[in-house]
Amino acid sequence: QVRLVESGGGLVQPGGSLRLSCAASGSRVSSYTMAWYRQAAGKQRELVAIITSIGITSYAESVKGRFTISRDNAQNTMYLQMNSLKTDDTAVYYCNLGIKYWGQGTQVTVSS
């Protein structure tokens with residue numbers, strides 16, 4: 001059984017930074033593509049960034065140049081480094097593994 005636990009969310013001022021983590025447990029985790037999604041209040045969930053098992057990455061246009069996705073397969077952990085945060089980045093951020101598995105989410109609030 002796969003379990004995903006996000007951490008690292010919180011309140012930050014515009015222009016600030018946060019680093020999200022997603023700890024995965026279960027078999028063959030390192031062979032899956034992983035991703036970060038987010039869902040703002042009243043909006044649909046959207047893909048933020050994706051990383052394959054061998055480290056190929058892709059980003060939503062809205063976060064390119066500001067966010068960096070990475071993973072440590074030895075630790076079964078994925079990260080999202082978020083810099084130059086904007087108020088529009090406020091959302092619940094979810095970790096996804098292989099499309100099928102989801103974490104519970106971590107709130108990121110960007111506000112002055």
J.: Quick one: list whatever passes side chain to side chain donor-acceptor pair (under 3.5 Å) with Q13, sequence neighbours left out.
T.: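 Side chain to side chain donor-acceptor pair (under 3.5 Å) list for Q13, sorted by chain: empty.
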J.: Filter on salt bridge (charged side-chain N to carboxylate O under 4.0 Å, His left out), then keep only pairs touching residues 44-54, sequence neighbours left out; what's left?
T.: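 Qualifying pairs: R38-E46.
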J.: Within the 3.5 Å criterion, strictly below it, is a donor on D72 or T77 matched to an acceptor on the partner's side chain?
T.: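 No pair is found: no donor N or O on one side chain lies under 3.5 Å from an acceptor on the other.
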J.: Strictly distance-based, threshold 3.5 Å: is any side-chain N or O of Y59 a donor or acceptor partner for the main-chain N or O of I69?
T.: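 Side chain of Y59 to backbone of I69: a pair is present.
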J.: Please list all pairs meeting disulfide bond (SG atoms under 2.5 Å apart) that have one or both residues in residues 21-98, counting only residues at least two apart or in different chains.
T.: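 For residues 21-98: C22-C95.
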J.: Calculate, to the nearest 0.5 Å, the distance between atoms CD1 and OG1 belonging to I51 and T33 respectively.
T.: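 Answer for the CD1-OG1 pair, I51 versus T33, is 9.0 Å.
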J.: What pairs meet the side-chain hydrogen bond (donor to acceptor under 3.5 Å, both in side chains) rule with one or both residues in residues 97-110, with sequence neighbours excluded?
T.: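 Found Q107-T109.
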J.: Please round to the nearest 0.5 Å and tell me the distance separating atom CG of N83 and atom OG1 of T68.
T.: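 Reported value, rounded in 0.5 Å steps: 6.5 Å.
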J.: Consider only side-chain heavy atoms of I, L, V, M, F, W and Y, link residues closer than 4.5 Å, and tell whether L4 and V48 are in one cluster.
T.: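 Yes, it is one cluster - the side chains of L4 and V48 are joined through contacts under 4.5 Å.
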J.: What is the distance from atom OG of S21 to atom CG of L80, rounded to the nearest 0.5 Å?
T.: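 The OG atom of S21 sits 9.5 Å away from the CG atom of L80.
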J.: On a heavy-atom basis, which atom in M34 and which in A24 lie closest, and how many Å separate them?
T.: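 Looking at all heavy atoms of both residues, the shortest contact is CE-CB, 4.5 Å.
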J.: Could I get the full list of side-chain contact (heavy atoms from CB on, under 4.5 Å) partners for V108, not counting sequence neighbours?
T.: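 side-chain contact (heavy atoms from CB on, under 4.5 Å) list for V108, sorted by chain: L18, L20, M82, Y93, V110.
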J.: To the nearest 0.5 Å, how far apart are OG in S30 and CG in L97?
T.: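 One gets 10.0 Å once the value is rounded to the nearest 0.5 Å.
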J.: So, the side chain of N73 versus the backbone of N76: is there a donor-acceptor pair under 3.5 Å, distance only?
T.: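 Judged by distance alone, no pair lies under 3.5 Å.
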J.: List the atom of S112, the atom of P14, and the distance in Å for their closest heavy-atom pair.
T.: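 Closest pair (atom of S112, atom of P14, distance): N-CD, 3.7 Å.
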J.: In this structure, would Y94 and L47 fall into the same cluster of hydrophobic residues linked by side-chain contacts under 4.5 Å?
T.: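 As far as the 4.5 Å side-chain criterion goes, L47 and Y94 are connected within one cluster.
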J.: With sequence neighbours excluded, what pairs up with S70 under the side chain to side chain donor-acceptor pair (under 3.5 Å) test?
T.: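 S70 satisfies side chain to side chain donor-acceptor pair (under 3.5 Å) with no residue once adjacent residues are dropped.
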J.: Can you measure from CD (Q81) to CZ (R19) and round to the nearest 0.5 angstrom?
T.: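 Q81 CD to R19 CZ: 6.5 Å, rounded to 0.5 Å.
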J.: In sequence, state the C-alpha distance, the side-chain angles, and the governing distance for V12 and S17, and then conclude on side chain to side chain contact (heavy atoms under 4.5 Å, CB included).
T.: CA-CA 7 Å; V12 64; S17 298; over 6 Å; no
J.: If I take atom CZ from residue F67 and atom CG from residue L85, how far apart are they, to the nearest 0.5 angstrom?
T.: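 If I round to the nearest 0.5 Å, the distance is 5.0 Å.
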J.: Tell me, do S111 and L11 make a side-chain contact under 4.5 Å, heavy atoms counted?
T.: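 Sidechains of L11 and S111: in contact.
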J.: Considering non-hydrogen atoms only, spot the tightest contact between A35 and M78 and give its length.
T.: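 Heavy-atom minimum between the residues: O-CE, 3.3 Å.
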